[in-house]
Amino acid sequence: MERIGVFLCWCGANIASTVDVHQVVEWLRDVNGVAHAENYMYMCSDPGQELIKKAIREKNLTNVVVASCSPRMHEKTFRKAASLEGMNPYMVEIANVREQCSWVHQGDKDAATRKAFNIIMSTISKAKANNPLETIRVPITRRALVVGGGVAGMTAALELAEAGYYTALVERDDTLGGKMRRLSRTFPYHEDASAVIAPKIEELKANDNIKLYLRSDVTEVSGYVGNFQVTIETRPTEGEDGAPEVVTEEVGGIVLATGYDLYPVAAMSEYGGGKVPDVIDGLEFEELLKESLATGAPVKRPSDGKEVESVVFIQCSGSRDPEHHKPYCSRVCCLYTNKQATLLTQQNPGAKALISYMDIRTDCKLTEEYCQGNIEEKGLVYIRGRVSRLYREGDAVRVWTADTLTGEKLEIDADLVVLAMAIEPSVGAEQISKMFRAAVDTNGFLQESHIKLRPVESSTMGVYLAGAAQYPKDITDSVSQALATASKIQSMFASDELHQDPLVALVNPEVCAACGLCVPICPYGAREVDERARFSRVNEALCQGCGACVAICPNKACMLKNDTPMQVLNQIHTFLGKEEPAQ
Amino acid sequence: MQQKIDPAKVRGEEVSQVEEIAGESMYRCYQCGKCSAACPATPEMDMLPSQVIRYLQLGLPEKVLKANTPWICASCLQCMTVCPKGVDLSRIMEGVRMMQLRHGENRIEMREFDEEYRKRAPQIVFISGLRKFQSLS
């Protein structure tokens with residue numbers, strides 16, 4: 001026979017002003033199986049927790065129900081308190097009488113009091129059928145994998161290697177450095193981008209803890225957090241024959257840093273779709289600048305090699321256009337465009353830079369000062385309005401735009417037009433997402449687990465995100481995020497084993513028909529049909545207890561531990577004041 | 001009407017002359033519009049004070065030279081007081097007026113004042129009026 005203790009929290013006035021907490025306790029004392037019931041001003045406080053511990057000790061309780069706020073707030077607190085008295089923490093249940101009762105029924109104390117009682121009764125019926133559970137323990141392979149050899153991937157790999165962990169770095173290109181290798185200078189200090197990245201590349205090559213896979217792709221991923229198996233295929237060097245080399249790495253943590261590509265100019269029919277000569281994208285202009293800076297010769301345009309005297313830069317090319325192109329802001333274009341215009345006036349003295357913009361977004365350290373300083377000193381002309389179209393007119397590119405600050409419709413003939421094209425996930429990001437079960441957002445960027453609080457975690461445990469693969473970002477932010485992923489993996493590697501909540505799915509092999517419906521529905525890849533034993537297994541390390549398999553199982557062979565269909569039905573019946581169904 | 005912008009005229013001679021007279025750079029202004037919001041005389045103006053700078057930034061001084069704004073400006077300095085970049089618009093207005101006067105366009109004619117008024121008004125009105133509104137050429 002259960003001996004249940006019920007602890008009703010006032011939450012100051014949050015619950016007590018709407019629910020008659022004394023009446024509820026009176027009622028509870030008459031309930032069969034309830035060995036102890038009391039209320040207190042703040043159950044989560046130290047004296048509140050002490051009341052729970054004391055009752056467990058003195059009344060030999062088998063279950064505890066705390067009627068308080070949402071389990072998201074203090075479930076852990078109360079489970080820990082109970083476990084200190086030797087009770088299995090999973091014998092503690094929370095009845096949410098704040099968010100789901102007092103807060104929403106403030107005008108009706110009688111009804112709220114009855115509802116609070118019903119919620120508690122319903123939770124008691126669930127608690128009665130709970131089983132003690134043990135934390136799942138998973139071993140950890142202390143080796144890491146980084147996908148992508150740009151500045152983000154390199155930073156993460158170096159950080160992990162320097163911490164002493166073997167790290168495999170997979171890069172599909174035959175060189176490291178990613179997009180940074182194509183850049184001329186970086187904002188705001190105009191450092192040579194290649195000179196910034198080159199020592200990092202050397203450092204990385206010299207580090208014994210790093211295994212470098214160039215010209216390589218990940219082709220298969222299996223396993224789970226702490227225990228992944230990753231198959232890597234290396235293509236032979238260009239000009240050489242032979243089959244690709246295939247290696248399998250066993251790793252515990254993974255960083256995805258697959259970077260970005262520019263949305264193609266060909267997709268911008270309003271800007272000539274790539275067919276108008278001397279209309280180029282931002283990276284192509286970086287290369288023109290890079291050459292000019294290296295040789296000292298002025299910037300020349302691609303079509304006829306003419307030294308450029310006037311350049312129109314078009315920001316938000318493909319960005320912030322939900323109707324035709326990309327809905328999001330590509331974040332780095334405002335600053336690199338300002339930088340490019342500045343370097344242009346430096347390399348081609350007397351050249352004019354006109355910049356079409358909607359607003360100038362300078363959200364990083366020092367960048368507002370950088371941007372406004374350049375405008376003042378170099379006389380960069382910002383024209384507030386989007387370019388509607390452009391076409392070839394004789395020797396020039398004719399640009400139609402407007403200046404909304406004066407209300408003038410404008411026409412400009414320029415030597416060269418530079419499109420600050422939208423940033424999109426790099427080619428192949430979709431396959432990466434599927435292989436690593438790392439979800440993507442509506443724009444194809446790898447999706448963080450929580451935009452505020454879990455910004456570097458993917459939807460799969462043990463797989464982390466760094467750099468522009470997650471969302472457009474500059475070098476500073478890419479490096480910060482990469483360092484964060486390395487820290488996350490190091491903190492995982494710092495423990496002997498991973499601990500996981502045991503509230504996972506369970507299969508009754510007698511009932512399971514091995515139909516396999518649970519395998520594709522599982523978002524975590526935690527289900528697999530054992531063909532020999534003829535039933536579907538649960539990988540407890542991967543299962544997050546979402547219940548998708550429970551809902552789809554036609555035989556009701558799947559259930560969640562301590563949330564069985566019978567427990568859920570009992571809760572509903574109890575809440576509605578009906579008889580409990582027969583077992 | 002489509003307005004042609006000539007990149008060569010951006011930061012061109014006339015705009016540079018206004019900058020020189022005013023001792024102010026047009027490119028310090030980032031077009032926030034606070035000056036126009038503060039100016040007490042905008043109801044009489046055909047162009048906002050911020051737009052005067054805007055046209056000069058775009059290399060379109062001819063628009064500004066036709067505007068009445070610089071002549072309505074009373075140099076009350078409300079604009080400069082609120083400007084986040086510390087731009088002294090009254091000096092830019094002065095620069096534009098000087099340019100306009102150099103084009104030989106007079107804003108006042110002594111003959112337009114009747115005998116009665118000329119007798120009544122203090123001397124300084126005509127002296128400063130002529131200095132401000134009369135071409136020297």
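Within every chain, numbering begins at 1; the chains are lettered A, B, ... in the order of the sequence lines, protein sequences first and strands thereafter.
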Problem set entry | Proximal component of A:Ile412, with respect to chain B [non-hydrogen, under 4.5 Å] | both

Exercise. Measuring heavy-atom distances to chain B, does A:Ala351 have an atom under 4.5 Å in its side chain, in its backbone, in both, or in neither?
Worked result: backbone

Exercise. Taking 4.0 angstrom as the limit, do A:Arg392 and A:Asp413 come out as a salt bridge?
Worked result: no

For this session: Examine distances only and state if a side-chain atom of B:Asp46 and a backbone atom of B:Ala67 form a donor-acceptor pair shorter than 3.5 Å.
Result: no

Exercise. Under 6.0 Å between ring centres, would you say that holds for B:Tyr30 and A:Tyr382?
Worked result: no

Exercise. For the candidates A:Leu354, A:Val311, A:Leu410, A:Val399, which exhibits the highest count of non-hydrogen atom pairs separated by less than 4.5 Å from chain B?
Worked result: A:Leu410

Exercise. Is the centre of the A:Phe445 ring less than 6.0 Å from the centre of the A:Tyr260 ring?
Worked result: no

Problem set entry | B:Gln57 versus chain A, the contacting section by heavy-atom distance below 4.5 Å | backbone

For this session: For chain A, find which of B:Arg28, B:Lys63, B:Met26 contributes the most heavy-atom pairs closer than 4.5 angstrom.
Result: B:Arg28

Exercise. Going by an N to O cut-off under 4.0 Å, is there a salt bridge joining A:Glu286 and A:Arg182?
Worked result: no

Seminar exercise, completed: Okay, A:Ile360 and chain B: the region with an atom under 4.5 Å from a heavy atom over there is neither

For this session: Name the region of A:Asp415, side chain, backbone, both or neither, that has any atom closer than 4.5 Å to a heavy atom of chain B.
Result: neither

Exercise. Is the closest basic N to carboxylate O distance between A:Arg361 and A:Asp359 below 4.0 Å?
Worked result: yes

Seminar exercise, completed: Ranked by heavy-atom pairs below 4.5 Å to chain A, first place among B:Lys85, B:Arg54, B:Gln51 goes to B:Arg54

